[in-house]
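The structure appears right after this line, and notes come after that.
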Amino acid sequence: MSKYIERIRNLIPGLRRPDSNGPPQGDVTVDMGEADCGKEKDMRKMSFFNPLDPVPKYDFYAKDTWAGRIKKTRPSLDVLRKPPDDLPPPPEEDGRPKVKLVRFGWVLGVMIRAMLNIWGVIMYLRLPWITSQAGLILTYVIIFMSIVVTTITATSVSAISTNGKIYSGGTYFMISRSLGPELGAPIGLLFAFANAIACALHTVGFAETVRDLLKDYDSQMVDDVNDVRIVGAITVVILLCITFAGMAWEAKAQILFFIAIMLSLINYFVGTVIPTNREKDSVGFFVYRGDIFVENLLPSYRGPNGYFFRLFAIFFPAATGILSGVNICGDLKDPTGGIPKGTLLAILWTTLSYLLISVTCAATVVRDASGNVNDSLALTNFTTHCTGLGCKLGWNFDRCEQNRTCSHGLANNLRILTTVSGWGILITIGVFAATLSSALGFLVSAPKIFQCLCKDNIYPFIGFFGKGYGKNNEPLRGYSLMFFIALAFILIGDLNTIAPLISNFFLCSYGLINFSTFHASVNQSPGWRPEYHYYSPWTSLFGSFLSFILMFLFTWWAALVTFFIVLFLLGYVTYTKPKVNWGTSYQAGFYNMALSFSMSLSGVEDHVKNYRPQCLVLTGPPNVRPALVDFVGTFTKNISLMICGNIILEDEKSSFPQHSSDMLVDWLNQRKVRSFYTSFTADSLKEGTHNLMQTSGLGKLKPNTLVLGYKMNWQECKLESLQDYVNTISDAFDSSYGIAILRMMDGLDVTDNVHSAGGSSAIDNPAFDGEEVQYEKDETDRNSDISDDGSNEQVRSVFQTKQGRKSIDIYWISDDGGLTLLVPYLLTRRNRWKKCKLRVFILGDQETIKEDRKDMKMLLKRFRLEIEDLVIITDVDKTPLAKNLQRYEETIAPFRLSEEQAGGDVQELKRLSPWKISNKDLEAIQPKIERTLRLNEIIKKNSIHAALVLRLLEFYRNKYCSNVLDFTVLT
């Protein structure tokens with residue numbers, strides 16, 4: 001026994017002894033699994049009296065091994081039940097050295113990275129200009145509205161990121177795993193594209209600064225625009241080389257950039273309090289003055305970009321770096337704890353810097369200045385007429401103000417921070433650091449997002465770019481792709497044109513992130529348990545609406561283009577239906593809606609207007625009777641309930657694969673049949689069907705019609721099997737079910753055909769006896785509602801082809817409540833059957849044929865059915881042909897009860913052989929038999945070319961009969 005326990009222990013990694021020299025018998029040391037790389041094994045104690053069942057551990061629930069952690073499994077029942085000789089050998093260690101991955105903490109990986117991406121070209125080159133245009137008050141409105149959007153988004157991101165492990169892929173990963181691939185994939189693609197454009201934006205900002213420096217030293221290469229293009233192209237190539245060097249080099253570069261930006265900001269704030277000289281006064285800088293502050297409070301719009309929402313759109317990219325840490329979450333030590341803390345602190349510090357820069361500029365610099373020291377009133381005649389704020393400060397800037405030729409001041413000099421600072425070179429270095437760090441951060445983030453999208457195989461032809469290289473799985477091909485996208489936008493050469501485009505993409509992403517949090521919260525899924533609690537679903541919803549509204553207020557045409565792109569990508573993913581299951585909030589929402597609607601229907605009484613045939617179809621394994629599945633699916637798809645039932649006999653249960661249900665559901669999905677699948681184990685077909693009819697469905701979503709195939713081999717099969725088939729129909733009547741039987745001239749079962757074609761997934765069920773093979777080779781209809789995906793497992797049926805202008809013949813020989821007319825009407829609503837004409841055959845007398853036709857036409861008109869032809873059958877009472885009577889007698893001969901052989905004890909013989917019929921019973925139903933045979937002759941004569949024949953059969957049970965709807969396919 002001890003050897004058996006020891007062997008089971010070795011099968012479980014969490015319980016395996018480290019070596020053969022075990023510890024003393026009193027206590028047993030248990031290896032709880034390897035921790036992250038570089039850590040020693042954590043050896044814990046466990047009672048000897050519980051040697052098989054380990055205590056709960058994280059490793060039993062984790063789905064990944066990205067941190068170098070060995071996958072652990074708890075012992076299964078199979079392991080515990082198997083005798084020692086049947087246990088598999090314990091797994092061996094691979095002996096491969098553990099790779100030490102580059103991981104970042106929350107300070108360097110999230111906060112500093114986000115601050116560097118938020119601080120960028122806008123802060124240095126556009127924030128003072130926006131302050132001059134919009135005024136300090138509206139500038140603060142712009143800043144605070146941007147911060148509202150980004151802060152709400154940051155709280156939403158924090159909630160999502162603490163609700164489970166976040167892998168590489170950032171924003172795409174969060175949205176796709178929350179809202180599903182339908183919305184996650186389009187936004188992931190757009191967000192990666194937006195990051196590439198953001199890289200171009202900051203590179204253009206860097207190139208503008210270099211161009212201005214070249215102009216200061218009279219070294220301009222071509223012209224303003226082309227110089228930006230040349231410098232930008234060279235810069236992005238250098239950035240690409242840095243990214244190829246790896247994440248470690250990129251992180252070291254980010255630290256240097258952060259130090260440079262901090263020094264430049266300190267230098268700027270110190271410069272605002274240093275006394276000015278005549279040169280600085282001439283360019284509009286006068287240290288802190290109340291009159292300058294008051295003058296800059298209100299807006300003064302100028303130029304084509306001079307309106308509020310345009311300025312808002314230009315500024316908003318300065319707030320779009322908040323997801324930089326999220327975008328590389330796969331490279332973080334603790335994404336769950338680091339993302340909320342680092343992102344919110346980054347927003348706090350950058351917001352303070354924006355507010356301080358705006359107010360200091362507004363309090364120290366006038367809007368317009370000439371830059372000419374000769375414009376000082378101290379050097380000119382005091383009698384010179386002068387107006388405006390400059391006169392109060394001792395300067396006459398009237399000439400350039402009136403002519404709009406001022407080249408300095410807050411509204412004209414984009415490099416005003418360099419003028420205000422104590423040492424201008426540090427500001428230039430800060431601009432270089434901010435623009436290059438942001439460009440580098442976005443260039444790194446975009447391929448990481450795109451790589452995750454490529455690995456999910458949502459879109460075709462992009463998997464090539466998802467390949468990773470090196471120990472950190474760097475997407476070098478993705479870097480190259482994003483490089484070319486960024487280079488294309490760099491060639492635009494205008495920062496004010498690029499900025500609004502980026503704003504739309506980022507706002508769309510932020511809106512969907514906020515909506516993801518709202519949707520996951522209101523659905524109250526048990527799996528939604530974020531560790532970060534400082535969020536509100538309604539605040540997230542507000543942030544989502546605010547983001548979408550700002551998109552249209554910024555640039556309406558760009559917003560429309562963005563939405564059309566998202567809708568196109570959404571439509572593609574919805575059409576292809578990728579085979580992924582990420583436990584999204586949409587799944588939880590669908591469950592809640594289904595549950596709520598089902599409960600609501602339970603309290604509503606049935607009404608004839610809302611009647612629909614809800615079918616329980618005895619298909620057996622659906623893939624061996626595709627014609628039966630296709631036929632019922634044709635008139636129930638998107639209209640009513642369809643359940644494919646499979647009765648598994650107890651004797652044959654072991655022959656079914658363990659995962660047969662999943663295989664058959666996949667088969668139905670591939671065939672695009674809207675049906676549920678359920679199986680039931682029973683001793684007979686009747687028992688299984690009876691249990692299915694009682695248990696299938698939920699509330700009002702419960703079958704009311706039983707559909708089964710015609711038993712083609714009823715003359716050759718065992719009599720017990722035939723009796724079981726007949727009793728199944730009888731039991732369905734007792735359960736108040738409608739009955740429909742589909743008969744095809746070549747049979748329904750295609751098991752032999754699937755096996756002969758090499759199909760490996762055909763599952764045969766002996767409860768449904770084999771029939772003759774039916775295989776249709778006609779071309780499928782392109783507009784078919786039930787399509788073939790081209791795999792070898794899908795067998796085409798006649799119901800997947802267009803029926804043309806054939807007829808559907810309805811023999812309405814007795815009143816069944818209208819089901820006989822409803823089913824063909826539902827068929828003609830489908831593309832394959834819509835050209836078929838409906839013909840109705842009813843019974844009547846020759847003397848009253850006109851009245852019968854008139855009454856039936858009126859009834860059909862009340863039913864609002866388009867019937868092309870109405871035929872009155874008046875000769876059904878004629879005696880059938882002698883050969884048909886003779887064939888009938890020969891057919892039922894094996895089932896007739898011989899009273900002479902029974903010795904007079906007829907009842908005992910009928911009890912032992914319930915399928916036998918006595919002469920007395922035959923005499924009682926002889927008129928009905930002759931009428932049925934005559935009707936069969938009429939059908940063969942009139943409906944030989946019909947696509948489908950529907951007729952009511954009279955099903956005889958003891959001394960009464962019931963109607964059965966029979967479908968016969970003649971093509």
Side-chain angles (χ1 to χ4, degrees), residues 106 110-111 113-114 117-118 144-167 169-180 182-184 186-188 190-191 194-195 316 319-329 332 335-348 350-351 445 449 503-525 527-551 566 582-586 588-589:
W106 71 271
V110 182
M111 188 184 74
R113 183 177 297 274
N117 281 2
I118 294 172
F144 280 117
M145 288 183 67
S146 301
I147 299 310
V148 166
V149 174
T150 55
T151 303
I152 294 175
T153 305
T155 58
S156 299
V157 166
S158 300
I160 297 175
S161 63
T162 58
N163 191 53
K165 189 173 292 297
I166 302 294
Y167 299 83
T171 305
Y172 161 70
F173 186 90
M174 288 189 301
I175 298 180
S176 61
R177 269 57 175 180
S178 180
L179 286 179
E182 291 82 4
L183 282 176
I187 291 303
L190 284 181
F191 196 71
N195 276 264
F316 192 78
T320 57
I322 62 170
L323 300 180
S324 301
V326 181
N327 292 337
I328 63 161
C329 53
L332 299 177
T336 301
I339 289 175
K341 190 179 349 180
T343 304
L344 292 174
L345 284 176
I347 293 175
L348 174 63
T350 53
T351 301
S445 300
I449 300 169
S503 298
N504 272 276
F505 289 124
F506 278 108
L507 280 170
C508 188
S509 301
Y510 293 168
L512 284 173
I513 290 175
N514 289 314
F515 182 76
S516 301
T517 304
F518 166 77
H519 197 268
S521 299
V522 297
N523 284 319
Q524 299 179 349
S525 173
W528 176 252
R529 302 185 301 273
E531 297 179 17
Y532 181 83
H533 302 290
Y534 304 101
Y535 77 97
S536 169
W538 303 107
T539 304
S540 298
L541 181 62
F542 170 75
S544 179
F545 280 128
L546 182 60
S547 299
F548 295 139
I549 290 172
L550 288 178
M551 287 180 64
V566 171
W582 295 328
T584 64
S585 62
Y586 261 62

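Just so it is clear, the values below take in all heavy atoms, side chains as well, and ignore hydrogens, waters and symmetry mates.
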Which atom of [X] lies closest to which atom of [Y], heavy atoms considered:
X      : Y      : value
Gly338 : Trp106 : CA-CB, 3.4 Å
Phe515 : Ser544 : CB-OG, 3.7 Å
Thr343 : Ile322 : CG2-O, 3.5 Å
Ala154 : Leu344 : CB-CD2, 3.6 Å
Pro537 : Val522 : CB-CG1, 4.4 Å
Tyr532 : Pro340 : CD1-CB, 4.0 Å

Taking only residues two or more places apart in sequence, or in another chain, which ones meet Thr350 in a side chain to side chain contact (heavy atoms under 4.5 Å, CB included)?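 Testing Thr350 for side chain to side chain contact (heavy atoms under 4.5 Å, CB included), a comparison that skips the adjacent residues, returns Met115, Ile118, Trp119, Ser353.
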Would you compute the distance between atom [atom1] of [X] and atom [atom2] of [Y] and round it to the nearest 0.5 angstrom?
X      : Y      : atom1 : atom2 : result
Leu550 : Ser146 : CG    : OG    : 8.0 Å
Ile339 : Thr162 : CD1   : OG1   : 9.0 Å
Ile152 : Ile147 : CD1   : CD1   : 11.5 Å
Phe144 : Thr351 : CZ    : OG1   : 8.0 Å
Ser503 : Met551 : OG    : CE    : 10.0 Å
Asn195 : Thr320 : CG    : OG1   : 8.0 Å

Going by the rule ring pair (Phe, Tyr, Trp, His ring centres under 6.0 Å), which residues pair with Tyr535 if we only count those two or more places apart in sequence or in a different chain?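 In terms of ring pair (Phe, Tyr, Trp, His ring centres under 6.0 Å), with neighbours along the sequence ignored, Tyr535 is linked to no residue.
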Please list all pairs passing the side-chain hydrogen bond (donor to acceptor under 3.5 Å, both in side chains) test where one or both residues lie in residues 506-520, with sequence neighbours left out.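 Qualifying pairs, neighbours excluded: Thr153-Asn514, Ser156-Asn514, His519-Asn523, His519-Ser585.
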Sub-3.5 Å donor-acceptor pair from the side chain of Ser176 to the main-chain atoms of Gly184, do we have one?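 Here the side-chain-to-backbone pair does not exist.
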Donor-acceptor pair, Thr151 side chain versus Val148 backbone, under 3.5 Å?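 Pair absent, no side-chain N/O of Thr151 close to backbone of Val148.
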Heavy-atom side-chain contact between Tyr172 and Leu190 under 4.5 Å: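 Side chain of Tyr172 against side chain of Leu190, heavy atoms only: no contact under 4.5 Å found.
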